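Being a predicted model, the structure only gives us computed values, none of them experimental. First listed ligand is number 1; within each ligand, the first listed atom is number 1.
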Amino acid sequence: MDVLSLISTKGGAGKTTVAANLGGLLADAGLRVLLLDLDSQPTLSSYYALENPSPEGCYELIAFNRTAGELIISHTVITGLDVIVSNDRAGHLNTLLLHAPDGRLRLRNLLPAFVDDYDMLIVDTQGARSVVVEMAILASDLALCPLPPEMLAARELRRGTLGLFEELEPYRHLGVALPPVKLLLNQVNFNRRDTRLIMHSLRRTFEVDVHVSLCDTVIPDRVAYLNAASLGLPAHRVESRPASGVRGPCAAQVMQGLALELFPQWRERLTHSVWHSPPCLSPAH
Ligand SMILES: Nc1ncnc2c1ncn2[C@@H]1O[C@H](COP(=O)(O)OP(=O)(O)O)[C@@H](O)[C@H]1O
Ligand SMILES: [Mg+2]
């Protein structure tokens, strides 16, 4: 089971959008995907309609080490896509983890309970520094950081999101490897001149950094992602082919490209099933 976490100390960067759409795409490619919503504002939990809501969620998983699927895992209407919903509205988990001896390693220690049933775990987090976010990082094989293509956001990245990773460096001495960080430009407007400049500057900044790199894929600013969220569908089903008169690749091409870049080990499935299996469902119909 691969573990991907969406990390950004900035709210509105696109963590939940990417978690939901990547999860939906991988499930449509035939992978068994589990979403874990660790944001106390449960946006990912309500992205897809649930077929069979379970009574519990992330609070019981983290607070009580509860891993029984029938109690904490809900099935979404997307085949192969399950979710552990966020039910820690008051943010108690942060305090609890701060005082627990296994604190930031708790999720990592719970992962073996899911490896037989899932190929992929995608963890969504809140847009702020917290113990829960640090716990998600330490459980991940890869951390994906969506970033708006703005110079100020790019500068803030080092202090905010990357600062979080730096503070976890001591865990390396305990034998806990920190995940590589991939920066993903989201809500890119190709008509803006400064976009290329920012991409170039980010690439240059991190070219000698062994832990941080910039994704080749960029996600355009597109209404398809908003429509997909309203319909409760993954964006690749909503915009499965390029819309006429719109520059740049459609949502299906972008999300498939991103999945291939992040998970080359699933190339076979991603190139053979995703493209053809889901029906083309346009929000206009
Ligand atoms: N590529 C995109 N194009 C258009 N709208 C987007 C895109 N990515 C995110 N959004 C919208 O931006 C808002 C914030 O995104 P969200 O994924 O909730 O951010 P986060 O989880 O990091 O706070 C949402 O309304 C979402 O639908
Ligand atoms: Mg979110």
Side-chain angles (χ1 to χ4, degrees), residues 4-25 35-48 57-58 83-89 91 93-94 122-130 132-133 136-137 140 143-150 152-154 156-157 160-162 164 181-192 195 198-199 214-240 242-243 246-259 261-262 283:
L4 173 79
S5 58
L6 277 298
I7 309 288
S8 155
T9 51
K10 203 171 152 24
K15 295 179 290 298
T16 303
T17 302
V18 174
N21 286 306
L22 255 187
L25 181 113
L35 302 173
L36 169 58
D37 189 355
L38 286 180
D39 188 347
S40 47
Q41 290 184 329
T43 319
L44 182 63
S45 304
S46 53
Y47 188 102
Y48 295 111
C58 79
V83 61
I84 299 178
V85 298
S86 163
N87 58 349
D88 178 33
R89 282 179 188 260
L93 284 178
N94 273 311
I122 299 179
V123 186
D124 191 20
T125 63
Q126 68 183 127
R129 291 172 90 134
S130 74
V132 170
V133 176
I137 292 173
S140 304
L144 188 59
C145 304
L147 186 71
E150 294 155 15
L152 289 180
E156 161 62 19
L157 172 81
T161 307
L162 297 181
L164 197 63
V181 180
K182 286 237 171 211
L183 310 175
L184 170 66
L185 287 181
N186 182 36
Q187 290 195 267
V188 171
N189 180 343
F190 290 107
N191 296 323
R192 277 181 52 172
T195 301
I198 291 163
M199 288 182 73
L214 185 64
C215 286
D216 291 328
T217 307
V218 299
I219 305 185
D221 185 7
R222 284 284 263 277
V223 72
Y225 296 95
L226 299 167
N227 288 336
S230 308
L231 291 164
L233 289 172
H236 72 274
R237 289 197 196 179
V238 170
E239 196 186 56
S240 59
V246 180
R247 246 178 96 190
C250 67
Q253 288 169 317
V254 171
M255 296 315 296
Q256 190 196 33
L258 178 63
E261 186 177 350
L262 299 179

I need the single residue from Ile84, Val83, Thr16 that forms a side-chain contact (heavy atoms from CB on, under 4.5 Å) with Leu35. Which is it? Val83
Would you compute the distance between atom OG1 of Thr217 and atom CD of Gln253 and round it to the nearest 0.5 angstrom? 11.5 Å
Could you pull out every N or O of ligand 1 that sits under 3.5 Å from a protein N or O, with the distance for each pair?
| residue | atom | partner | partner atom | Å |
| --- | --- | --- | --- | --- |
| ligand 1 | 1 (N) | Asn186 | OD1 | 2.9 |
| ligand 1 | 1 (N) | Pro220 | O | 2.9 |
| ligand 1 | 3 (N) | Asp221 | OD1 | 3.4 |
| ligand 1 | 3 (N) | Arg222 | N | 3.0 |
| ligand 1 | 3 (N) | Arg222 | O | 3.3 |
| ligand 1 | 8 (N) | Asn186 | ND2 | 3.0 |
| ligand 1 | 17 (O) | Thr16 | N | 3.4 |
| ligand 1 | 17 (O) | Thr17 | N | 2.8 |
| ligand 1 | 17 (O) | Thr17 | OG1 | 2.5 |
| ligand 1 | 19 (O) | Gly14 | N | 3.0 |
| ligand 1 | 21 (O) | Thr16 | N | 2.9 |
| ligand 1 | 21 (O) | Thr16 | OG1 | 2.9 |
| ligand 1 | 22 (O) | Ala13 | N | 3.1 |
| ligand 1 | 22 (O) | Gly14 | N | 2.9 |
| ligand 1 | 22 (O) | Lys15 | N | 2.9 |
| ligand 1 | 22 (O) | Lys15 | NZ | 2.8 |
| ligand 1 | 23 (O) | Gly12 | N | 2.7 |

Pro148 versus Lys10: any side-chain heavy-atom pair under 4.5 Å? yes
Checking Asn94, Asp39, Leu38 against Ser130 for side-chain contact (heavy atoms from CB on, under 4.5 Å), the one that qualifies is Asn94
About how many Å separate CG of Leu183 and OG1 of Thr161, when rounded to the nearest 0.5 Å? 8.5 Å
Check each of Leu262, Asp216, Val18 against Leu184 using the side-chain contact (heavy atoms from CB on, under 4.5 Å) test, and report the only one that passes. Val18
Decide yes or no for Leu44 and Ser86: does some side-chain heavy atom of the first lie under 4.5 Å from some side-chain heavy atom of the second? no
Number of protein N, O or S atoms [distance to the Mg ion (ligand 2) under 2.8 Å]: 1
As an exercise, state the distance from CD of Glu239 to CE of Met255, rounded to the nearest 0.5 Å. 12.0 Å
More than 12 foreign heavy atoms under 6.0 Å from CD of Glu261: is that the case here? yes
